[in-house]
Amino acid sequence: MSKRVITFGTFDVFHVGHVNILERCASLGHTLIVGVSSDKLNFNKKQRYPIYKENDRLKIVQSMSFVDEVFFEESLEKKREYIEFFKADILAMGDDWKGKFDEFSDICEVVYFPRTPSISTTEIIEIVKSI
Ligand code: CTP
């Protein structure tokens with residue numbers, strides 16, 4: 001089981017769905033590496049910045065007992081480079097990404113986990129806005 005696992009995400013307004021996916025990813029190997037998307041990457045993708053700043057999002061993810069290494073994901077186009085740089089054996093993501101990373105199956109195993117139902121950063125923001 002000496003496998004290196006990598007996953008990616010924004011992890012904004014950190015919630016139990018994030019804990020669950022990180023726990024599931026960690027269960028696949030002995031080292032879990034997490035790419036936390038930078039504020040700039042999120043702005044380019046969604047035309048808005050995350051609620052929590054990148055350093056805080058990174059610190060929260062890093063504080064989880066089952067996370068071993070963290071780094072900023074600066075570009076969506078660099079996934080292959082990150083997988084190779086961190087020598088990941090497995091890429092694991094929530095199944096909202098199902099199929100989207102199959103192109104990397106030539107360099108690592110690609111695993112999708114079911115999302116935790118009924119919770120997301122977007123939903124939390126909407127609920128807070130409506131109160
Ligand atoms: N994730 C999950 N279950 C949830 C929410 C997220 O398993 N209920 C997983 C995603 O599939 C992804 C990782 O957590 O692998 C990081 O997702 P992220 O996009 O940061 O969280 P979301 O809550 O989905 O954020 P948003 O609503 O902004 O898309």
Side-chain angles (χ1 to χ4, degrees):
M1 267 268 287
S2 64
K3 297 231 163 120
R4 293 173 63 79
V5 184
I6 195 166
T7 191
F8 297 87
T10 305
F11 303 100
D12 189 23
V13 189
F14 198 82
H15 58 70
V16 74
H18 295 145
V19 179
N20 290 339
I21 186 82
L22 293 174
E23 197 175 25
R24 287 167 181 162
C25 290
S27 74
L28 293 174
H30 80 305
T31 302
L32 176 59
I33 305 137
V34 185
V36 175
S37 55
S38 68
D39 287 344
K40 211 165 115 198
L41 170 55
N42 275 280
F43 189 81
N44 291 342
K45 204 167 62 174
K46 296 184 179 174
Q47 281 70 58
R48 72 162 181 83
Y49 285 107
I51 306 287
Y52 294 174
K53 295 205 183 324
E54 59 187 18
N55 287 335
D56 293 344
R57 292 185 286 106
L58 190 90
K59 190 170 180 178
I60 291 167
V61 171
Q62 192 172 30
S63 75
M64 307 303 296
S65 57
F66 30 76
V67 172
D68 300 290
E69 295 174 40
V70 290
F71 68 97
F72 284 122
E73 180 186 17
E74 306 279 359
S75 161
L76 292 175
E77 277 72 54
K78 285 190 177 166
K79 284 237 164 41
R80 183 172 287 273
E81 273 178 52
Y82 293 132
I83 294 166
E84 286 176 340
F85 179 81
F86 288 100
K87 301 189 188 326
D89 302 294
I90 303 172
L91 166 63
M93 295 292 297
D95 65 2
D96 44 326
W97 295 99
K98 201 167 177 86
K100 302 239 171 68
F101 296 120
D102 290 357
E103 62 186 284
F104 304 122
S105 55
D106 58 331
I107 53 168
C108 65
E109 190 185 335
V110 182
V111 174
Y112 303 99
F113 284 113
R115 276 172 71 91
T116 301
S118 313
I119 190 158
S120 73
T121 299
T122 308
E123 220 178 290
I124 294 168
I125 294 171
E126 288 309 314
I127 290 167
V128 172
K129 271 164 89 179
S130 72
I131 293 173

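The basis for the numbers below is simple: all heavy atoms, side chains too, and nothing from hydrogens, waters or symmetry mates. FYI, the numbering just counts along the sequence from 1.
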**Prompt:** Is there a side-chain contact between Phe14 and Met64 (heavy atoms, below 4.5 Å)?
**Reply:**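 Contact flag for Phe14/Met64 side chains = yes.
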
**Request:** Indicate yes or no: at least one non-hydrogen side-chain atom of Ser75 is less than 4.5 angstrom from one of Glu81.
**Result:**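 SC-SC contact between Ser75 and Glu81 ruled out.
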
**Request:** Carefully, step by step, assess Ile125 and Lys129 under the rule side chain to side chain contact (heavy atoms under 4.5 Å, CB included).
**Result:** CA-CA 6 Å; Ile125 294 171; Lys129 271 164 89 179; 3.8 Å; yes

**Request:** Start with the C-alpha distance between Phe11 and Asp56, add both sets of side-chain angles, then the distance that settles side chain to side chain contact (heavy atoms under 4.5 Å, CB included), and finish with yes or no.
**Result:** CA-CA 10 Å; Phe11 303 100; Asp56 293 344; over 6 Å; no

**Prompt:** Is Ile107 isolated, or which residues cluster with it under the ILVMFWY side-chain rule of less than 4.5 Å, directly or via members?
**Reply:**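 Answer for Ile107: Ile6, Phe8, Ile33, Phe71, Tyr82, Ile83, Phe85, Phe86, Leu91, Met93, Trp97, Phe101, Phe104, Val110, Tyr112.
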
Using the rule that Ile, Leu, Val, Met, Phe, Trp and Tyr join whenever any side-chain heavy atoms are under 4.5 Å apart, tell me whether [X] and [Y] fall into a single cluster.
X	Y	answer
Leu76	Val70	no
Phe66	Leu58	yes
Val13	Ile127	no
Phe43	Val36	no

**Asked** Just wondering, more than 12 heavy atoms not from Lys45 lying within 6.0 Å of its NZ?
**Response**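 More than 12 within 6.0 Å, yes.
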
Is a side-chain N or O of [X] found less than 3.5 angstrom from the main chain of [Y], in a donor-acceptor match?
X	Y	value
Asn42	Tyr49	no
Arg24	Ala92	no
Thr121	Asp12	yes

**Asked** Picking from Glu109, Glu69, Glu84, what satisfies salt bridge (Lys or Arg N to Asp or Glu O under 4.0 Å) with Arg4?
**Response**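 Output: one option passes, namely Glu69.
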
**Request:** Give the intermediate values and the outcome of side chain to side chain contact (heavy atoms under 4.5 Å, CB included) for residues Leu41 and Glu73.
**Result:** CA-CA 8 Å; Leu41 170 55; Glu73 180 186 17; 3.9 Å; yes

**Message:** Do the side chains of Arg57 and Asp39 get close enough for a salt bridge, i.e. N-O under 4.0 angstrom?
**Reply:**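 Salt bridge: yes.
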
Restricting to non-hydrogen atoms, name the atom on [X] and the atom on [Y] that form the minimum distance, rounded to 0.1 Å.
X	Y	answer
His18	Ile21	O-CG2, 3.2 Å
Gly29	Val5	N-CG2, 3.7 Å
Pro50	Thr10	CG-CG2, 4.2 Å

**Request:** Hey, could you give me the CD/CZ distance between Glu23 and Phe113, rounded to the nearest 0.5 Å?
**Result:**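 The CD atom of Glu23 sits 10.5 Å away from the CZ atom of Phe113.
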
**From CA spacing to verdict: side-chain hydrogen bond (donor to acceptor under 3.5 Å, both in side chains), Thr31, Asp68** = CA-CA 6 Å; Thr31 302; Asp68 300 290; 4.7 Å; no

**Message:** Set out, in order, the CA-CA distance, both residues' side-chain angles and the distance that settles side chain to side chain contact (heavy atoms under 4.5 Å, CB included) for Ile60 and Tyr52, then state yes or no.
**Reply:** CA-CA 10 Å; Ile60 291 167; Tyr52 294 174; 4.0 Å; yes

**Request:** Just jot down the side chain to side chain donor-acceptor pair (under 3.5 Å) partners of Asp89, sequence neighbours excluded, or say none.
**Result:**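 In terms of side chain to side chain donor-acceptor pair (under 3.5 Å), with neighbours along the sequence ignored, Asp89 is linked to no residue.
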
